[in-house]
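So the structure is just underneath, and the comments pick up after that.
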Amino acid sequence: GTEGAEALAAAVNDAVIYNNTNLKAANGLSMYFPCSNPGYYSRMSDIMKNIGMDDPVCTDCFEACVSRLSGRSGSLSVFNNGVPAVFEKTGYDCCAITLTEEQRRELKTADAAMYIDDGEGYIVLGCDDLCETGSDNDIMLDFDDTWISIEGQPVCLKVRREGEFADSSRYTYGIVRAELTTAEGTQQDIELVVQWDSKHDEGYVSGYRKAQNRAERSARAVGTQTASTVFPGQYERALRQFNSGDRIRFVYDYLTYSGELKPYFRTGDEIVFDEELEVSYAETDGLNTVIRIHLVDIYNNEYESEAVKYTFTDEEE
């Protein structure tokens, strides 16, 4: 009954250019913004113009954002010619790297990157939030020789982000890639969403969604196509739930000693889903792991430290 409500509803309905979903009652408006992948903007800007989104208010804003992100190098770029050195932090049971005040201001995130050295290359286990910043601009790594595991298998954790519930409490979540074979025999690439909140310190699997197109991702990994010619796939918003009898196998990236990246590396046993998937932090001893401090600056450039060596002692000692 509010004045203008019908006009507003009609305008929102008219604003929907494209709608595609396999989930019942999925609605909402999404807007692409070239923040994490500025290389996609060239193709996306053409699409926007073709569907009438060519208002200078939008395009000028996007172009200013992309020009600032693309090809920029800040104070952390000094590490392009050599990895950051790690030292033992005096007075703390941890290792660290030291940044200047300017580098600290341009730091976006700091976490830990984990790998398994299998004698021919590295199985990539992704990144986890195991770093904190000291008052003297030291990035300190607090590692206890454990890594996120599902049903006892260490997994590759991607894209750890934060969110907020309706009651203003916070949570974090990450993505774990896998292959799913349903009880009916249908196969697909999926992404499990692992979530941590005040009630789940160890984390839990909140569901899964269809993964990005494998051919596109493989092309990007091996460099056969540039970012401007490959467009990111459309992700599902709502999450699906596993059914009893579903079979899950985790997949990883593999990095050879020569630097070649091979996506969709398979290792570990297939898991048959029953009632739930147990998430835990399992010890990594015996896996020949390599851990590095991983930095991302405000221009989305990434840097990794030299390998961190830890010596663990018995707690009773």
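Quick caveat, the model's predicted, so the values are computed rather than measured.
Annotation: side-chain contact (heavy atoms from CB on, under 4.5 Å) contacts of Asp197 (sequence neighbours excluded): Phe165, Tyr171, Gln195, Lys199, His200, Tyr204. Partners of Thr146 according to the side-chain hydrogen bond (donor to acceptor under 3.5 Å, both in side chains) rule, which considers only residues two or more places apart in sequence or in another chain, are Asp144. Applying the salt bridge (Lys or Arg N to Asp or Glu O under 4.0 Å) test to Asp297 and every residue at least two apart in sequence or in another chain returns nothing. Contacts of Glu162 classified as salt bridge (Lys or Arg N to Asp or Glu O under 4.0 Å), with partners at least two apart in sequence or in another chain: Arg170.
There is no path of hydrophobic side-chain contacts, each under 4.5 Å, that joins Val83 to Leu76. In this structure, Phe265 is a member of the same hydrophobic cluster as Ile271, with clusters built from ILVMFWY side-chain heavy atoms closer than 4.5 Å. Residues Ile139 and Val78 share a single hydrophobic cluster, defined by chaining ILVMFWY side chains whose heavy atoms lie under 4.5 Å apart. Both Leu239 and Tyr173 are assigned to one and the same hydrophobic cluster, defined by single-linkage of ILVMFWY side chains at heavy-atom distances under 4.5 Å. Clustering ILVMFWY residues whenever any of their side-chain heavy atoms sit less than 4.5 angstrom apart, transitively, puts Val296 in a cluster other than the one holding Ile175.
For the pair Leu141 and Cys94, the minimum side-chain heavy-atom distance is 4.5 Å or more. A 4.5 Å side-chain heavy-atom check between Thr181 and Asp246 finds every atom pair outside the cut-off. The shortest side-chain heavy-atom distance between Asp138 and Thr133 does not fall under the 4.5 Å cut-off. Counting only heavy atoms from C-beta outward, the side chains of Phe250 and Arg266 never approach each other to under 4.5 Å. When side chains are defined from C-beta on, Val308 does not count as touching Val290, because their heavy atoms never get closer than 4.5 Å. When side chains are defined from C-beta on, Tyr122 does not count as touching Ile116, because their heavy atoms never get closer than 4.5 Å. Residues Arg104 and Asn137 form a side-chain contact, since some pair of their non-hydrogen atoms from C-beta on lies under 4.5 Å apart.
Taking both residues in full, the closest heavy atoms of Asn243 and Phe273 are given as O-CD2, 3.3 Å, listed atom of the first, atom of the second, then distance. The heavy-atom pair separating Asp129 from Ala110 by the smallest distance is OD1-O, 4.3 Å. Across Gly74 and Ser77, no two heavy atoms sit closer than the pair O-OG, 2.6 Å. The nearest pair of heavy atoms linking Leu157 to Gly174 is CD1-CA, 3.8 Å. Shortest non-hydrogen contact noted between Ile291 and Ala112 is CD1-CB, 3.9 Å. Minimum heavy-atom separation, Ala113 to Glu304: CB-OE2, 3.4 Å.
At distances below 3.5 Å, at least one donor-acceptor pair connects side-chain atoms of Arg292 with backbone N or O atoms of Ser305. Under the 3.5 Å distance criterion, the side-chain polar atoms of Gln103 are matched with a main-chain donor or acceptor of Thr100. With Ser206 contributing its side chain and Val193 its backbone, the two residues share a donor-acceptor pair below 3.5 Å. Although no hydrogens or angles enter the test, the distance criterion places no donor-acceptor pair under 3.5 Å between the side chain of Asn13 and the main chain of Ala9.
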- Checking side chain to side chain contact (heavy atoms under 4.5 Å, CB included) for the pair Tyr208/Leu277: CA distance, chi angles, key distance, verdict? CA-CA 12 Å; Tyr208 74 91; Leu277 295 172; over 6 Å; no
- CA sep, side-chain torsions, deciding dist, call: Tyr254, Val124, side chain to side chain contact (heavy atoms under 4.5 Å, CB included): CA-CA 6 Å; Tyr254 187 88; Val124 181; over 6 Å; no
- Going through the distances and angles, do Leu192 and Phe242 end up as a side chain to side chain contact (heavy atoms under 4.5 Å, CB included)? CA-CA 10 Å; Leu192 287 77; Phe242 292 106; 4.0 Å; yes
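Under a 4.0 Å N-O distance rule, the pair Arg249/Glu179 does not qualify as a salt bridge. Under a 4.0 Å N-O distance rule, the pair Asp128/Lys158 does not qualify as a salt bridge.
For residues 110-120, no residue pair satisfies the salt bridge (Lys or Arg N to Asp or Glu O under 4.0 Å) rule, not counting sequence neighbours.
Taking the ring axis of Tyr264 as reference, the NZ or CZ atom of Arg177 stays within 45° of it and closer than 6.0 Å to the ring centre.
Rounding to the nearest 0.5 Å places CD of Glu306 at 9.5 Å from SG of Cys95.
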Donor-acceptor contacts under 3.5 Å from residues 147-156 side chains, at least two apart:
{"from": "Trp147", "atom 1": "NE1", "to": "Leu125", "atom 2": "O", "distance (Å)": "3.3"}
{"from": "Trp147", "atom 1": "NE1", "to": "Val155", "atom 2": "O", "distance (Å)": "3.2"}
{"from": "Ser149", "atom 1": "OG", "to": "Trp147", "atom 2": "O", "distance (Å)": "3.1"}
{"from": "Glu151", "atom 1": "OE2", "to": "Glu278", "atom 2": "N", "distance (Å)": "2.7"}
{"from": "Gln153", "atom 1": "NE2", "to": "Asp269", "atom 2": "O", "distance (Å)": "2.7"}

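Ring pair Trp196/Tyr281 is tilted by interplanar angle, where 30° to 60° counts as tilted.
Counting heavy-atom neighbours within 6.0 Å of Glu164 CD, excluding the residue itself, gives a total above 12.
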